[in-house]
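So the structure is just underneath, and the comments pick up after that.
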Amino acid sequence: MTARLWLVRHAAPLVAPGVCYGRLDVDADALATQQAAQALAQALPARASVRHSPLRRCAQLAQALQALRPELASQPDARLQEMDFGAWEGRPWDALPRCELDAWAEDLHGHAPGGGEPLAVMLARVQEALDALCSEQDMVWITHAGVARCVHWLRTHPGRTATAAEWTQPAPAPGQWLIS
């Protein structure tokens, strides 16, 4: 049996709809976190290695999972953080200057949105995390939609630069997962 990568997204964050919250360290809904942990605890195999983004919304899910399955102790991994949107963090998307959004869309790969992190940098750190995977047991990443999109891109478009028109990669809904 080949080891699988479980890409688990944190539960719904406690942030207003329409707000940019990439690296913004916000809590997740407590009830949704418990529900996600229960579903995940039932679905995961007996042996799995767990890593999580150090952001609170992911750490909460990792802790809730470990409370249900003590053998699934998780370790934080900074490579599993969401994209850093710099000065855009915590601001409504519709309040951001159109020219800045357009500049990012024009160069999704190289432009640092809000002075944060370009997609190229995020892809490189996610690739580094993928390169470190152990093939002997399933790996669980409790992470963010952006990381799941990066994994899909890296596995289906190796070595290619992403454009805004192509960046419609699948990502799990809050509290859900994909198996890669």
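No experiment lies behind these values; they were computed from the predicted model shown.
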Rounded distance (nearest 0.5 Å) linking atom CG of Leu133 with atom CZ of Arg51: 9.5 Å
Test log, rule ring-ring contact (aromatic ring centres under 6.0 Å, His included), inputs Tyr21 and Trp88: CA-CA 8 Å; Tyr21 65 91; Trp88 294 2; over 10 Å; no
Point-to-point distance, once rounded to the nearest 0.5 Å, from CG of Leu55 to CG of Leu61: 13.0 Å
Minimum heavy-atom distance Pro113-Met83, with the two atoms named: CG-SD, 3.9 Å
Check: Leu44 and Val140 side chains under 4.5 Å, non-hydrogen atoms: yes
Beyond-backbone contact of His111 with Pro118, side-chain heavy atoms, under 4.5 angstrom: no
Any donor-acceptor N/O pair, Arg57 side chain to Thr143 backbone, under 3.5 Å: no
Donor-acceptor contact present, side-chain Arg9 to main-chain His144, <3.5 Å: no
Any Arg91 side-chain heavy atom under 4.5 Å of Phe85 side chain: no
Distance in Å, Leu108 CG paired with Thr161 OG1, rounded so as to fall on 0.5 Å steps: 10.5 Å
Leu5-Val126 co-clustered via ILVMFWY side chain contacts under 4.5 Å: yes
Which atom of Met122 lies closest to which atom of Glu82, heavy atoms considered: CE-OE1, 3.4 Å
Close side-chain approach of Ile142 and Val50, heavy atoms under 4.5 Å: yes
Min side-chain heavy-atom separation Trp93-Leu101 under 4.5 Å: yes
Name of the residue among Val8, Asp77, Leu130 meeting side-chain contact (heavy atoms from CB on, under 4.5 Å) with Trp141: Leu130
Side-chain (Glu89) to main-chain (Leu24) donor-acceptor, under 3.5 angstrom: yes
Greater than 12 external heavy atoms within 6.0 Å of Glu106's CD: no
Reported SG-to-CH2 distance for the pair Cys150 and Trp167, which is rounded to 0.5 angstrom: 4.0 Å
Results of side chain to side chain contact (heavy atoms under 4.5 Å, CB included) for Asp27 - residues two or more places apart only: Leu14, Arg56, Gln60
Inter-residue atom distance Arg23.CZ - Asp84.CG, 0.5 Å rounding: 5.0 Å
Residue pair Ala43 / Trp177: nearest heavy atoms and the distance that separates them: CB-CZ2, 3.6 Å
Basic-acidic side-chain contact under 4.0 Å: Arg47, Glu71: no
Heavy-atom check, side chain of Gln127 versus side chain of Leu123, under 4.5 Å: no
Closest non-hydrogen atom pair between Ser180 and Val151, with its separation: OG-CG1, 4.1 Å
Stepwise side chain to side chain contact (heavy atoms under 4.5 Å, CB included) check, Met139 with Leu7: CA-CA 9 Å; Met139 174 62 76; Leu7 297 166; over 6 Å; no
Pro45 to Ala48 - nearest heavy-atom pair and separation: CG-CB, 4.4 Å
Backbone of Ala39 reached by a side-chain donor or acceptor of Gln42 within 3.5 Å: no
CG on Leu178 to CZ on Arg149, rounded to 0.5 Å: 10.0 Å
Distance-minimising heavy-atom pair for Ala64 and Gln34: CB-OE1, 3.3 Å
